[in-house]
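Computed from heavy atoms alone, side chains included, the values below leave out hydrogens, waters and symmetry copies. In this text the structure is predicted, and so the values were computed from the model without any measurement. One-based numbering, in listed order, for ligands and for the atoms of each.
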Amino acid sequence: MQIIQVALDIPLDHFFDYRAPDGEILTQDDLGRRARVPFGTKMRIGVIAGISEKEDSLCDPLRPIDMVLRDLASLPSDWFGLCAFCAGYYHAPLGEVMLSTLPAALRRSTPPKSRRERNIPSKAPAFGAAPPELTLEQRDILEKITGAGSGFKTWLLHGVTGSGKTEIYLRLIERVLSEGRQTLLLTPEINLTPQLESRIRERFPDVGFACLHSELSEAARARNWCAAMSGQARVVLGTRLAVFTPLPELGLIVVDEEHDASFKQQDGVRYSARDLAVFRASERKIPIVLGSATPSLESWANATDASAPRRYALLSLRARAAEKARLPLVQRIDTRKEKLRDGLSGALLAGIEKRLENGEQSLIFLNRRGYAPVLVCAYCGWVSHCERCSANLVVHLADRRLRCHHCGFEQGVPRACPVCGNQDVQPLGRGTQRVEAALAECFPQARILRIDRDSARSRKQWEAFSERIIARDADILVGTQMLAKGHDFPGLTLVGVLGADAALFSADWRAPERLFAQLMQVAGRAGRANLPGEVLIQTQFPDDPLYAALARQDFPSFADHLLEERRQAGFPPYAYQALLRAEASLMADALAFLSAAKERVALCENAAENVFVYDPIPMRLARRANRDRAQLLVESPSRRALQSLLRLWRVAIGTIKVSRGLRWHLEVDPQEV
Ligand code: ADP
Ligand code: ZN
Ligand code: ZN
């Protein structure tokens, strides 16, 4: 009889055995098909991962598959390979990985209706702009990439915003299309997909195109996914989960903004879509292009480190592509030397004033939403602390609420100190709302738009804002990093940066890398069209190497400097890390679990060689939503050594008796330690 191995979304490392449905014999064609199977008292959808023969036996307890779903082609073997690699490298259950990569509609027992595809092929837009003539730099880069052939190679394309990276992607896509192959383009942010989508559709109006991200309806997502898998979609644009899309004729992968932390999945299976994309390209033997103005240090080291094998080839775009578009002038404003007006320096105020006179736009960037980060009583020292987290409640004056940005807890702003009754409780520090209010006072005639997660909750709202900005229906924008990424605002010529200094001294050693990327990105918003841009950074540390490199727009020297620091400290990318995290109602339980896990390392015998195991410690945000959180870091200069330990260790951890309500997970290559 046939034994069918079915992968199910169950946190166990093995598949589940079933018999074929009564009266049916499965063929190799059914490998990779979905199947509805009984599991416990319910039906579940799984993926057929193996078919084998066994002698009939009367006492066989196997239950039959309820139904093999043949509405779609079988999932291809390279999809299995990618899932298996992901499960192995991130130490996640294979069935969970496999099922989590499928669109939700395909994980349910009712198949999606096969309606006519709406998005595919794409409609030609009314105007079709002719592609620009390539600059010398662009042409040179294209020749290098295409000259290297169609095999596997990882290219790191470094170029500031506006240097013409996207134009290079488009030319590469054009070539891949002409060879009859598909392209997968990954972007970190849903917010960035509409822009890329319209550029692709405009350039290739007759080509099947599909978008894949989490804001699509379930039906649309399933439809687009199926179009990708059937080969109908020739260009697929998506966020991180799209890295798993089956693409039979894949010829090129592009990862835009490759440094972006959003490529790392933060719950469930904690994979890096960028790293999986590189693996996928190597398996499929196709080129992959990682693009960024500020590559991750991992990628930068892979491309430039003279002491290690160069795994990536570096390509650089040094100037802005469009004629007349110049890099913005970045200046530091030393705020130690003057009295600020509500946190705003004279130079910044004068800069805004000038833009108002010229009918140009200014953007004030402050990565902190709300009115003020905390409310305090100067009399007794009370601070607005969240009852459920080790964090402060943020003052939101617009609706007179105190809110926790970690757990969502909120309450009204008290009229008096809840401890001593002092009526003069004061907001301390500033967020976007407070800056907005200060600007309204300084420039009563200006139209001010605040853009953060409070004012733009949905993508629709954000797009409405973005249209207003492009229509010049706003003079001053105040916003968080939401505003920093990728958007082209032709009227914007001044960017002011507030409150960035804290990241220079953060306990998180990746903070400077992120700050630099963020500031480069926000600086890139200024002066994209024919108007020159100016960036003013308010700081008390104008001589910090980070700001100095930023003023020169010199990512390479800053990256080299950080890499040298990392090398000396033995931090990634010169070490490989994994984090075991635990959360429980009591910190003692979480720490006890991690201590037990640490003891288990000894059971892994020689695998623990060359791996350093730290002590369990509470996380920086030690308590969130009434759960205490702790972590245990393991580290090795050798990826292989770390991986062999993790394989044994995870099994050993599974044998620890945990206290009730304790949850744990393992994260490989964590971004925040
Ligand atoms: P990036 O992706 O690096 O931000 P883009 O490819 O979006 O850069 O290019 C920035 C701007 O310059 C876009 O408006 C684009 O149309 C334009 N552009 C790109 N390449 C050229 C070129 N060779 N000549 C003229 N304009 C160009
Ligand atoms: Zn008080
Ligand atoms: Zn809270």
Side-chain angles (χ1 to χ4, degrees), residues 129-142 157-173 185 187 192 195-196 198-200 202-203 254-258 289-295 315-327 373-394 401-411 414-426 470 484-490 520-521 523-530 555 621-629:
E133 188 157 334
L134 295 178
T135 63
L136 277 178
E137 275 188 325
Q138 284 173 322
R139 209 174 318 149
D140 187 46
I141 285 174
L142 269 170
L157 176 56
H158 168 234
V160 293
T161 349
S163 61
K165 296 186 294 297
T166 309
E167 184 58 39
I168 290 182
Y169 307 155
L170 293 172
R171 300 298 174 112
L172 289 171
I173 292 172
L185 180 60
T187 158
L192 297 181
Q195 285 196 33
L196 271 170
S198 63
R199 280 180 78 174
I200 295 168
E202 192 179 308
R203 186 67 59 91
V254 175
V255 183
D256 193 24
E257 310 285 359
E258 68 92 25
V289 178
L290 311 177
S292 176
T294 50
L315 304 166
S316 294
L317 284 164
R318 287 180 185 81
R320 282 195 160 173
E323 233 181 310
K324 296 195 196 132
R326 268 163 289 156
L327 289 175
V374 65
L375 191 68
V376 298
C377 168
Y379 190 73
C380 77
W382 172 83
V383 297
S384 57
H385 198 78
C386 178
E387 294 167 9
R388 310 198 289 177
C389 306
S390 37
N392 292 326
L393 296 173
V394 176
R401 304 292 284 171
L402 296 178
R403 282 205 183 94
C404 176
H405 287 187
H406 298 284
C407 72
F409 173 81
E410 60 172 83
Q411 62 183 60
R415 286 177 202 289
C417 171
V419 173
C420 73
N422 168 23
Q423 303 215 333
D424 189 26
V425 281
Q426 289 291 341
I470 290 167
K485 289 188 184 176
H487 300 278
D488 229 344
F489 300 132
M520 273 294 269
Q521 219 149 21
R525 299 304 107 224
R528 294 209 70 180
N530 297 338
F555 174 79
L621 182 67
R623 190 169 180 77
R624 186 165 80 187
N626 283 330
R627 306 271 295 167
D628 279 344
R629 300 142 25 107

Give the contacting part of [X] toward ligand 1: side chain, backbone, both or neither, where contact means a heavy-atom distance below 4.0 Å.
{"X": "Pro132", "result": "side chain"}
{"X": "Gln138", "result": "side chain"}
{"X": "Thr135", "result": "both"}

### Task
Enumerate the atoms of ligand 1 whose separation from the nearest heavy atom of Glu133 is less than 4.0 angstrom.
22 (C), 23 (N), 24 (N)
#### Entry: Proximal ligand 1 atoms for Thr161, defined as those under 4.0 Å from one of its heavy atoms
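Close to Thr161: 4 (O).
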### Where the Zn ion (ligand 3) is the vertex, angle from Cys404 SG to Cys407 SG to 10°
110°
### Summary
So the angle subtended at the Zn ion (ligand 3) by Cys389 atom SG and Cys386 atom SG, rounded to 10 degrees, is 110°
Got a donor-acceptor contact below 3.5 angstrom from the [X] side chain to the [Y] backbone?
{"X": "Gln138", "Y": "Gly164", "value": "yes"}
{"X": "Arg629", "Y": "Leu621", "value": "yes"}
{"X": "Arg525", "Y": "Gln521", "value": "yes"}

### Query
Does Gly159 come within less than 4.0 angstrom of ligand 1, counting non-hydrogen atoms of the residue?
no
### Task
Using non-hydrogen atoms of the residue, decide whether Val160 is closer than 4.0 angstrom to ligand 1.
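Contact check Val160 vs ligand 1: positive.
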### Message
Heavy atom to atom 5 (P) of ligand 1, shortest distance: which of Gly164, Pro490, Ser292, Gly524 holds it?
### Response
Gly164
### Task
Only heavy atoms count here, so choose which of Glu167, Arg199, Lys165 is nearest to atom 7 (O) of ligand 1.
Arg199
### Message
Quick check for you: with the Zn ion (ligand 2) as the vertex, what angle do SG of Cys377 and SG of Cys417 span, to 10°?
### Response
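Output for this angle: 110°, rounded to tens.
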### Task
Using the Zn ion (ligand 2) as the apex, give the angle to atoms SG (Cys380) and SG (Cys420), rounded to 10 degrees.
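If I round to 10°, I get 110°.
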### Query
With the threshold set at 4.0 Å, does a side-chain nitrogen-carboxylate oxygen contact exist between Glu257 and Lys165?
no
Closest heavy-atom pair and its distance - [X], [Y]:
{"X": "Arg388", "Y": "Arg623", "result": "O-CG, 3.5 Å"}
{"X": "Arg171", "Y": "Pro131", "result": "NH2-CB, 3.6 Å"}
{"X": "Asn626", "Y": "Glu387", "result": "OD1-O, 4.0 Å"}

### Query
Are any of the side-chain heavy atoms of Ile200 and Tyr169 separated by less than 4.5 Å?
no
### Task
Evaluate the side-chain proximity of Val425 to Ser384: yes if any heavy-atom separation is below 4.5 Å, no if none is.
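A side-chain contact is absent here, since even the closest heavy-atom pair is not under 4.5 Å.
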